[in-house]
Amino acid sequence: MAVYRQNRDREGAADAPQQADLDRCVHCGLCLNACPTYRELHLEMDSPRGRIYQMVQVANGAPIADSYVEHIELCLACRGCETACPSGVKYGRLVEAARAEIEQRIERPLGTRLLRKLVFEHFLPSRGNLRLAGTTLLLYQASGLQKLVRVSGVLRLMGRLREIEALSPRVETPFFFRQMGRVFPAQGERKYRVAFLGGCIANFCFARLNEATVRVLQANGCEVTVPEGQTCCGALHVHAGLRDAARRLARRNIDAMIDQSFDAIITNAAGCGSTLKEYDELLEHDPRYADRAGRFVALMKDVTEFLASIELNPAMGEVRATVTYQDSCHLAHGQRIRSAPRELLNRVPGLKFKEMALSDLCCGSAGIYNVAHTDMAMALLEKKMESVNATAAGRIVTANPGCILQLRAGVERHGRSQRVSHVVEILDEAYRAVG
Ligand code: SF4
Ligand code: SF4
């Protein structure tokens, strides 16, 4: 169990759950059944209501105990409770603020601090370091070293590292970084000018998905710019309580895009989109950026949301498959987008759609949650795969790269060789199938 030191120097944190947000909770418990960690553990302190109760205690002066940190960190920030809550509790905002307060008021052990600094300050925001990490992972995978390590049994001796290694994404070459700064013309008449955000890790793990997204947008009359100055969206930073670091990234993304008169700014990652659409909250106290952040948010669209809002190019060939759809939490609960991906899938000729039970219950991916809380993530994944298998669909479709990785791991462990794809990859197949 981790032991955290209270950081006395930094009390009075600026980011902390707001009393007005806490007061909205009437403790009715209607959110409990929507909460994956409560469904798994049946512990009040690992339910939304229990976590809010603990936040209230801290707001009233209780110290930040180790147990508080653990209950808050075990939350997936999936926001399923937010959808279920009849009182409009903004739970996502509360848990992000609680994590920010924890970050400001406690001191983590040295090793954790160094690791977090490396990942959040030197890796995710740096294109050079991301490229280096992608190349290193590629060498590990392509040289045969990964196979050797996996069959040698050495990972069994390294505890959780085995599980984490199994979740490592497959590197895709060439990386999407090479498209930064490029402008892709619309197919046919140009109807829209859009900017596309390629993400951070997605540049080397989902390079083909990013290319498919650009192609589908082009096929729908979009001139697609991949702005050179873009960077990581900061979603992982926000989830980890590092709001100042997220603010720095938000300003960079706003500067890279806001003055170029785009009709929309597009992401294919629901987890990123949810944070990108909240840049206005993140920067509300920044007099130089508050207005620019508001304009940025007004343009921000998930790719499924954008495509469902325009007249979709119907020139699609058949995709003969039965698919089921997993709602990405940050699309369904964070952005309240449920029908757009389903509508798009239903437009694809030849495709059969089968709804799965509990499609909006978290699969356990949740950013880097599956790495930090592997046991809980895997328990949730097993249940998710039961729902998937019950549909007998041959393909699982979702709207977030993190969910794709998690579901691929689910197929390996509990599946029936299902293929896992993003909604835009299905559309791309359909457009490419036209003779
Ligand atoms: S968060 Fe909402 S649903 Fe849950 S206990 Fe509070 S008021 Fe009820
Ligand atoms: S965000 Fe998800 S895991 Fe966290 S309390 Fe709400 S439903 Fe439970």
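This is a predicted model, so every value here is computed, not measured. First listed ligand is number 1; within each ligand, the first listed atom is number 1.
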Using a strict 4.0 Å threshold on nitrogen-to-oxygen distance, state whether [X] and [Y] make a salt bridge.
X	Y	value
R170	E412	no
D15	R243	yes
K383	E386	no
D255	R251	no

_Distance flag, aromatic centroids of Y289 and Y279, threshold under 6.0 Å_ = no
*Tell me, which protein N/O/S atoms are under 2.8 Å away from atom 6 (Fe) of ligand 2?*
C81 SG
*In terms of side-chain heavy atoms, does Q418 have a donor or acceptor partner in N389 at a distance below 3.5 Å?*
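There is such a pair between these side chains.
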_With heavy-atom distances below 4.5 Å as the criterion, would you say the side chains of V323 and K354 are in contact?_
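Sidechains of K354 and V323: no contact.
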Just need the protein heavy atom nearest to [atom], so name the residue and atom and give the distance.
atom	answer
atom 5 (S) of ligand 1	G29 N, 3.2 Å
atom 6 (Fe) of ligand 1	C25 SG, 2.4 Å
atom 7 (S) of ligand 1	V26 N, 3.3 Å
atom 2 (Fe) of ligand 1	C85 SG, 2.3 Å

*Would you mind listing which atoms of ligand 1 come within a distance below 4.0 Å of any non-hydrogen atom of C28?*
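Close to C28: 3 (S), 5 (S), 7 (S), 8 (Fe).
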*Ligand-residue contact atoms, ligand 1 with S87, heavy atoms, under 4.0 Å*: 7 (S)
*Specify whether an N/O/S atom of H27 falls short of 2.8 Å from atom 6 (Fe) of ligand 1.*
no
*Does CZ in F177 sit with more than 12 non-hydrogen atoms of other residues, nucleotides or ligands closer than 6.0 Å?*
yes
*Name all residues meeting the side chain to side chain contact (heavy atoms under 4.5 Å, CB included) criterion together with N346; count only those two or more places apart in sequence or in a different chain, and write none if there are none.*
F353
*Which value, rounded to the nearest 0.5 Å, describes the distance between F296 atom CZ and N253 atom CG?*
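Those atoms lie 5.5 Å apart.
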*Give a yes/no verdict on whether any heavy atom in P86 is under 4.0 Å from an atom of ligand 1.*
yes
